[in-house]
Amino acid sequence: MDNLKILVVDDESRMRKLVKDFLSKKGFEVIEAENGEQAVDIFFETKDIALILLDVMMPKMDGWEVCREIRKMSQVPIIMLTAKSDEKDELLGFELGVDEYITKPFSPKILVARVEAILRRSNAIGPDDIIEAGGIRLNKAAHEVTVDGEPVELSFKEFELLSYFVANQGVALSRERILNNVWNYDYFGDARTIDTHVKKLRSKLKDKGEYIKTIWGMGYKFEVSK
C-alpha cells in the first residue's frame, strides 16, 4: 500500500493532522484540502488518488457537492466524515455513491482499517488471496471456502457477502450498506434479499454461522466468538 495517495478534505486543520498522522504511519501519501472547491481542484489536477476522506460541512462547497462533481468523472472510493448522524444524510451519501459513512468522533485506528478494507475491495492495494477468521478460510483467487478444513459450496453472492463480512469484522453493517457494497449501486431490489442470503450463509457455515450476528432494526455484524 506504499505511496498510495489519500485526499483528506476537512476545514478543521486539527482533524486533517490527526487523520494524516495515522495514515502516514501506514505508508500512505496524504494530500490535504481545507474546503470543497480546493478538493475538487486537487482531485482533477492530481493523478492516481486512491481514496478520498471527505467532510460534509465545509465552506465554499460542501461534501455532497464535492461528491457529485467527482462522481461525474470518477468512481474513486469516498468515505464521508461528518458530525451528523441523521439517517437521511447517510442514505443521501449512499445514493451519491459514497463507499463508507463515518460519524465523528471516531477511532483513527478504525478509520485506517476501513480505508484499508475499501482499498482491498477496489484492488488498489491488491486483494489478499487468502483471508481467515475463526476457522473460516476464504481463497479469493480460487473462489473457495473451507470451514475447519472442510470445503463449503457457496454461490457467487454468498461468497461475496461472506468476504465482505470478514473484511469488516466487528463493524455494524446496515442492510443498505451491504447492498451498496456487495450488490453495487445499480441494484434496486428489496433490502430483505440480504436476510435471505444471510439465512442460507449461516446454514452452510453450520456452527460458524453464529459469527453473523443480527442487529435488530439495522442489519448485521460479523464477530468471531471467543
Side-chain angles (χ1 to χ4, degrees), residues 1-122 124-125 167-174 176-177 180-181 215 218-219 221:
M1 71 188 70
D2 290 345
N3 301 320
L4 283 182
K5 297 174 183 174
I6 308 286
L7 176 58
V8 177
V9 189
D10 198 302
D11 60 332
E12 295 183 26
S13 59
R14 288 181 298 176
M15 180 60 67
R16 295 198 307 272
K17 183 180 186 305
L18 174 67
V19 174
K20 180 177 181 178
D21 287 347
F22 276 84
L23 289 172
S24 297
K25 289 177 183 177
K26 288 288 188 174
F28 293 107
E29 178 183 342
V30 177
I31 302 169
E32 299 180 48
E34 63 183 22
N35 62 60
E37 286 184 359
Q38 188 180 55
V40 172
D41 290 341
I42 289 174
F43 179 77
F44 288 111
E45 291 172 1
T46 306
K47 293 183 179 180
D48 303 324
I49 288 178
L51 182 142
I52 300 174
L53 290 171
L54 180 61
D55 188 34
V56 172
M57 303 302 292
M58 292 184 297
K60 296 188 178 181
M61 181 185 288
D62 67 23
W64 306 129
E65 294 176 274
V66 173
C67 188
R68 287 189 183 96
E69 287 300 310
I70 289 174
R71 279 290 176 259
K72 290 177 182 178
M73 300 294 292
S74 173
Q75 291 302 310
V76 63
I78 296 175
I79 297 178
M80 299 294 283
L81 305 176
T82 177
K84 290 188 173 183
S85 58
D86 192 315
E87 184 182 70
K88 292 181 180 178
D89 285 335
E90 187 167 351
L91 291 174
L92 173 60
F94 289 136
E95 288 171 7
L96 293 176
V98 171
D99 294 84
E100 288 277 5
Y101 192 100
I102 299 178
T103 304
K104 299 176 182 178
F106 53 81
S107 161
K109 290 182 179 179
I110 293 296
L111 175 64
V112 171
R114 299 276 188 93
V115 167
E116 291 176 333
I118 288 174
L119 290 175
R120 275 194 291 271
R121 292 201 300 272
S122 67
I125 61 176
N168 290 277
Q169 289 186 61
V171 178
L173 302 167
S174 68
E176 289 77 15
R177 181 173 295 182
N180 287 336
N181 284 278
I215 302 177
M218 180 192 175
K221 179 195 292 187

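Values in this document were obtained by computation on a predicted structure and should not be read as measured data.
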How about Asp99 and Leu51: do any of their side-chain heavy atoms sit closer than 4.5 Å? no

Pairwise distance CD1(Ile79) to OH(Tyr101) - rounded to 0.5 angstrom: 13.5 Å

Ile31 side, atom CD1; Lys20 side, atom NZ - distance, nearest 0.5 Å: 9.5 Å

Given Met73 and Phe43, is the side chain to side chain contact (heavy atoms under 4.5 Å, CB included) satisfied, shown in steps? CA-CA 11 Å; Met73 300 294 292; Phe43 179 77; 5.9 Å; no

Would you call Asn168 and Glu100 a side-chain contact if the rule is heavy atoms closer than 4.5 Å? yes

Measure the spacing between CG of Leu7 and CD1 of Ile52 and express it to the nearest 0.5 Å. 5.0 Å

Check whether any side-chain heavy atom of Ile78 lies under 4.5 Å from a side-chain heavy atom of Val66, and answer yes or no. no

Closer than 3.5 angstrom, by distance alone: can the side chain of Glu65 be matched with the main-chain N or O of Met61 as a donor-acceptor pair? no

Measuring only between side-chain heavy atoms, which start at C-beta, is Arg114 closer than 4.5 Å to Val171? yes

Any side-chain heavy-atom pair from Ile110 and Ile102 closer than 4.5 angstrom? no

In residues 11-19, what donor-acceptor pairs under 3.5 Å come from side-chain atoms, sequence neighbours left out?
residue	atom	partner	partner atom	Å
Arg16	NE	Glu32	OE1	2.8
Arg16	NH1	Asp10	O	2.7
Lys17	NZ	Asp21	OD2	2.9

Chi angles and distances behind the side chain to side chain contact (heavy atoms under 4.5 Å, CB included) call for Ile42, Val9: CA-CA 10 Å; Ile42 289 174; Val9 189; over 6 Å; no

Within-4.5 Å side-chain heavy-atom neighbours: Val115 and Leu53: yes

Closest heavy-atom pair and its distance - Ala167, Ala117: O-CB, 3.9 Å

Please report the shortest heavy-atom distance between Phe106 and Thr103, naming the atom on each side. CB-O, 3.8 Å

Measure the NZ-CG distance between Lys5 and Leu23 for me, rounded to the nearest 0.5 Å. 15.5 Å

Checking the side chain of Ser74 only, and the main-chain atoms of Ile70 only, is there a donor and an acceptor separated by less than 3.5 Å? no

Within-4.5 Å side-chain heavy-atom neighbours: Phe28 and Leu119: yes

Looking only at heavy atoms, which two atoms of Ala50 and Pro77 are closest? And how far apart? O-CD, 3.2 Å

So how far is it from Glu37 CD to Glu69 CD, rounded to the nearest 0.5 Å? 10.5 Å

Atom pair CG (Leu4) and CD (Glu116), whose distance is rounded to the nearest 0.5 Å: 10.5 Å

I'd like to check Val76 versus Arg71 (side-chain heavy atoms, cut-off strictly below 4.5 Å). Are they in contact? yes

Minimum heavy-atom distance between Leu54 and Met58, given as atom pair plus value: CD1-CE, 3.9 Å

